[in-house]
2 protein chains.
Amino acid sequence: MKTYTISEVAKELNLTVYTLRYYDKEGLMPFVERTPNGTRRFKESDIDALRIIECLKSTAMPIKEIKNFIDWCSDGDSTLQQRYDMFMDRKAIVEAQIEELKKQMEVIEHKCNYYKTALEAGTEDIHKNDKMVISTT
Amino acid sequence: MKTYTISEVAKELNLTVYTLRYYDKEGLMPFVERTPNGTRRFKESDIDALRIIECLKSTAMPIKEIKNFIDWCSDGDSTLQQRYDMFMDRKAIVEAQIEELKKQMEVIEHKCNYYKTALEAGTEDIHKNDKMVISTT
DNA sequence: TTAATCCTTAGAGTTAACTCTAGGTCAATA
DNA sequence: TATTGACCTAGAGTTAACTCTAAGGATTAA
């Protein structure tokens with residue numbers, strides 16, 4: 001079975017070897033095996049697991065919470081409910097994050113228009129009489 | 001003209017007084033006036049500016065970059081182009097953030113289904129023969 | 001065999017963004 | 001008048017997530 005070194009995995013996942021070792025230190029990679037002299041040997045399935053870790057991280061889950069999930073995975077079928085609940089919770093959190101960004105996007109688009117108009121006029125004074133309303137045109 | 005104390009503003013914006021003083025220290029609030037004895041007096045327009053700061057912060061803009069924007073605002077019409085460009089850049093960044101979250105959402109929903117099925121079966125073994133594909137059903 | 005280039009660990013250093021403490025001022029109230 | 005509870009500053013402490021250094025081990029290439 002093909003395996004990969006830490007630097008190959010780092011390159012593949014766009015991480016540094018430092019970061020991967022840090023994750024290991026934090027208990028996020030208990031599944032990675034070692035050669036007799038201690039070198040980490042990553043399997044394809046380990047890289048898949050790291051992709052899930054990266055997915056959770058990209059939704060702002062703290063490393064300690066990701067570790068809970070990894071621990072549950074090691075504990076087997078008795079933790080299926082926790083893992084299901086965790087992903088359902090995360091789904092709700094990510095939905096909220098998307099909604100929040102969409103809300104801020106409106107503010108930003110408003111500002112884009114504000115500065116476009118000001119640029120065309122050569123001065124911000126053009127907006128002197130604007131109502132302080134952000135969600136309307 | 002009505003003004004507000006730092007604790008009133010903190011409550012309104014769901015921040016701590018520590019955070020507001022920290023922002024001030026970092027140069028994000030050069031516009032806030034003081035009473036003769038040094039107490040900050042926030043105007044409505046100051047609170048509006050803080051809302052924009054919070055908007056930028058919620059899209060993960062570092063405080064140092066937000067400070068650039070605040071400095072440009074103090075510099076007047078000569079920086080209109082920079083400010084326009086900044087909001088256009090931010091718009092693209094937030095669009096990318098939303099796309100990224102939507103992509104991760106698919107992974108999370110896949111995992112929700114995975115664990116739902118496993119829970120119903122009582123074991124993760126039900127997925128033993130699954131293809132390692134995440135984007136399909 | 002010697003140099004280069006991987007890999008390892010322990011632990012120190014960095015950065016951002018707070019978060020808090022100590023010591024002080026000032027205005028209102030018991 | 002004394003105390004309470006706002007406010008202030010300077011600066012120290014915290015936390016998360018890296019990021020790097022030092023010192024050393026194994027493998028390959030000349």
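Within every chain, numbering begins at 1; the chains are lettered A, B, ... in the order of the sequence lines, protein sequences first and strands thereafter.
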Here the pair of heavy atoms bringing Ile63(A) nearest to Leu28(A) is O-CD1, 3.8 Å
Below the 4.0 Å mark, does dT21(D) have OP1 or OP2 next to a side-chain nitrogen or oxygen of Tyr18(A)? no
Residue pair Gly38(B)/Thr19(A) against DNA chain D: nearer the 5' end by closest nucleotide is Gly38(B)
Testing dT19(D), dA27(C), dT19(C) for proximity to the side chain of Asn37(B), the answer is dA27(C)
Atom CD of Glu26(A) and atom C1' of dA10(C) are separated, to the nearest Å, by 14 Å
Should Arg34(A) be listed as having a side-chain N or O under 4.0 Å from OP1 or OP2 of dT9(C)?
yes
In whole angstroms, the gap separating P of dC18(D) from CG of Leu13(A) amounts to 13 Å
Ranking Val17(A) and Pro62(B) by the position along DNA chain C of their nearest nucleotide, the one closer to 5' is Val17(A)
Between NZ of Lys67(B) and P of dA17(C) the distance, given in whole Å, is 14 Å
Notebook entry, point to check: When you check the side-chain N and O atoms of Lys57(A) and Tyr23(A), is any donor under 3.5 Å from an acceptor?
Noted result: yes
Applying a 4.0 Å non-hydrogen cut-off, can you work out what Ser7(A) is touching in the nucleic acid: base, sugar-phosphate, or nothing? sugar-phosphate
Among the nucleotides dA17(D), dA17(C), dT21(C), whichever has the atom closest to the side chain of Ile63(B) is dA17(C)
When Glu44(A), Lys43(A), Glu12(A), Arg41(A) are each screened for side-chain hydrogen bond (donor to acceptor under 3.5 Å, both in side chains) with Tyr4(A), the one that passes is Glu44(A)
- Reckon Arg40(B) has a side-chain N or O less than 4.0 Å from the OP1 or OP2 of dC7(D)? no
When rounded to whole Å, the CZ to C1' distance for the pair Arg21(A) and dC20(D) reads 11 Å
Atom CG of Leu20(A) and atom C1' of dT9(C) are separated, to the nearest Å, by 16 Å
Checking dA27(C), dT19(C), dT19(D) against the side chain of Tyr22(B) (C-beta onward), the nearest is dT19(C)
Only one of Gln81(B), Gln82(B), Arg83(B) passes side-chain hydrogen bond (donor to acceptor under 3.5 Å, both in side chains) with Thr79(B), and that residue is Arg83(B)
Practice prompt. Name the nucleic acid region contacted by Thr35(B), choosing base, sugar-phosphate or nothing; use a 4.0 angstrom heavy-atom cut-off, strictly under.
Written response: nothing
Atom CE of Met61(B) and atom P of dA16(C) are separated, to the nearest Å, by 15 Å
So does Lys57(A) get a side-chain nitrogen or oxygen closer than 4.0 Å to the phosphate oxygens (OP1/OP2) of dC18(D)?
yes
Review point. Between Tyr115(B) and Phe69(A), how do the two ring planes meet: parallel, tilted or perpendicular, split at 30° and 60°?
Key: perpendicular
Between Ile6(B) and Lys25(B), the residue closer to the 5' end of DNA chain D by nearest nucleotide is Ile6(B)
Within less than 4.0 Å of OP1 or OP2 of dC6(C), is there a side-chain N or O belonging to Arg41(A)? no
Sequence neighbours excluded, the answer for salt bridge (charged side-chain N to carboxylate O under 4.0 Å, His left out) partners of Glu8(B) is none
Thr39(A) has its side chain closest, among dC7(C), dA26(D), dC20(D), to dC7(C)
From CD1 of Ile53(A) across to C1' of dC18(D) the rounded distance in Å is 15 Å
Asp24(B) atom CG is separated from dC18(C) atom P, nearest whole Å, by 14 Å
Q.
Whether Thr16(B) contacts dC18(C) is assessed here as follows: a side-chain N or O lying under 4.0 Å from the phosphate OP1 or OP2. Is that the case?
A. no
